[in-house]
Number of protein chains: 2
Amino acid sequence: MADSIQKKLDQIPVESVSDESLTLLVGYNIKRVSNVIQSDLAKTLKPLDLRMITFTTLVLIVDNPGIRQSQLAASLSIERPNFVVIIDELVRRGLVTRKQDPSDRRAYGLYISTAGQRLHKVAIRAVQSHENSLLAHLSAQQRQQLSTTMNLLRQTFMTQHSPGERS
Amino acid sequence: MADSIQKKLDQIPVESVSDESLTLLVGYNIKRVSNVIQSDLAKTLKPLDLRMITFTTLVLIVDNPGIRQSQLAASLSIERPNFVVIIDELVRRGLVTRKQDPSDRRAYGLYISTAGQRLHKVAIRAVQSHENSLLAHLSAQQRQQLSTTMNLLRQTFMTQHSPGERS
DNA sequence: CCATAATAGTTATAAACTATAATCATTTCA
DNA sequence: TGAAATGATTATAGTTTATAACTATTATGG
């Protein structure tokens, strides 16, 4: 019986790749799953001319009107310099406005525009329906577990290596 | 009582950013968690002069001696052209050897060297101990669930959007 | 009060990662 | 045998991420 299994394995010369060693690593699995999701999500957002970063930026501006660029950049774990061009784009497209803070003339508060609100609404719906189809193969319990575990991990990590989660 | 809570909230003007909307999105959570893990893993591998991609390449070559570049690239979801320089590096460092396949002179089989085996051993240990400390805050059951769910998602995705999981 | 440090936003730039087209040699197959 | 397909490569461009340095403004401690 173990023989027949070995026989089968031998019949597959190098055709199928054994990646069990990597499958055992949670970090690797999460990365692969994350990549697939991001790629899929990107396709969902593309018709709206949004990327992950512009989408999440819109969401946080809607939920935090008047927020400053640096706060937003920190929340999204993106370097401030790289975030400038993101905001530039959203402002240029009339989705977001920069208003100078009267109490601190260095800073700008970010606000959503009417067009931005419309796009936000559509995008949220698209992403949510995307998530549903993505997790269609999971039971309600599994989804709950996944969500809980991810949030727990994030909480744990955030308190440890707060800034600069990339590199 | 609700008053005192509101009072506290009011004392934090724009200091704390509300990102509940994003926290509700599993895709976003996974991405954030994945980013933290990759960044942390990178730090673990850096002393060995390995990156995630060179580490995973080493592992798969050890587990699949004689594997071809194109198979390996497909397994790791990296474009073949981008993979050439990875293998170049590993060969240059004496960790991996390319042997021409006698049955197909276009192809090379990839093999680990003695130095490669040594590094592989050390790296596997480092990554595993990294994973343990990473998941220290999860119960055994939670770890099991996490692993199971990730594998399930990966299985599901792979059969759907097999190639080109990025973009 | 003023010099110094710190902060918000920005510019410039480089490194790393990812994607695509095209080429060469070789193999497969009608 | 000729055309199509495959393995590896080169060249190249786009995207993302990181870092240093600058301007303007605000905060702080002597």
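Note that the coordinates shown come from a computational prediction; the quantities given were computed from them, not determined experimentally. Residue numbering restarts at 1 for every chain, and letters A, B, ... go by the order of the sequence lines.
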Whole-Å distance separating the [atom1] atom of [X] from the [atom2] atom of [N]:
X        : N      : atom1 : atom2 : answer
A/Phe83  : C/dA8  : CZ    : C1'   : 13 Å
A/Arg51  : D/dT17 : CZ    : C1'   : 13 Å
A/Ile53  : D/dG14 : CD1   : P     : 21 Å
B/Asp101 : C/dT26 : CG    : P     : 13 Å
A/Arg68  : D/dT25 : CZ    : C1'   : 11 Å
A/Ile86  : C/dT10 : CD1   : P     : 13 Å
B/Ile67  : D/dA8  : CD1   : P     : 10 Å
B/Gln38  : C/dA16 : CD    : P     : 17 Å

Is any side-chain N of the basic residue among [X] and [Y] closer than 4.0 Å to the acidic one's carboxylate O?
X       : Y       : value
A/Asp88 : A/Arg98 : yes
B/Asp19 : B/Arg32 : no
B/Glu89 : B/Arg51 : yes

Options D/dT19, D/dT9, D/dA8, nucleotide nearest the side-chain atoms of B/Arg80: D/dT9
Nearest to side-chain heavy atoms of A/Glu79, which nucleotide of D/dA18, C/dG9, D/dT26: D/dA18
Should [X] be listed as having a side-chain N or O under 4.0 Å from OP1 or OP2 of [N]?
X        : N      : value
B/Arg105 : C/dT27 : yes
B/Gln100 : D/dG7  : no
B/Ser70  : D/dT6  : no
A/Arg98  : C/dT10 : yes

Sugar-phosphate, base or nothing in reach of B/Tyr108, heavy atoms under 4.0 Å: sugar-phosphate
Considering all heavy atoms, the nearest B/Thr57-B/Ile87 contact: CG2-CD1, 3.9 Å
Heavy-atom pair of closest approach, residues B/Ala126 and B/Leu48: CB-CD1, 4.5 Å
Toward the 5' end of DNA chain C, by each residue's nearest nucleotide, B/Pro102 or A/Gln69: A/Gln69
Donor/acceptor link under 3.5 angstrom from B/Arg106 side chain onto base of D/dT6: yes
Base C/dA19 to side chain B/Asn82, donor-acceptor N/O within 3.5 Å cut-off: yes
Angle by which the axis turns from one end of the helix from C/dC1-D/dG30 to C/dA30-D/dT1 to the other, five pairs per end, to 10 degrees: 20°
Summary of salt bridge (Lys or Arg N to Asp or Glu O under 4.0 Å) pairs that have at least one residue in residues 112-121 of chain A, sequence neighbours excluded: none
Over-ring placement of B/Lys99 relative to B/Tyr111, 6.0 Å and 45° cut-offs: yes
DNA chain D: 5'-proximal contact among A/Pro81 and B/Asp104 (nearest heavy atom): B/Asp104
Test item: side-chain donor near acceptor, A/Ser75 and A/Gln71, under 3.5 Å: no
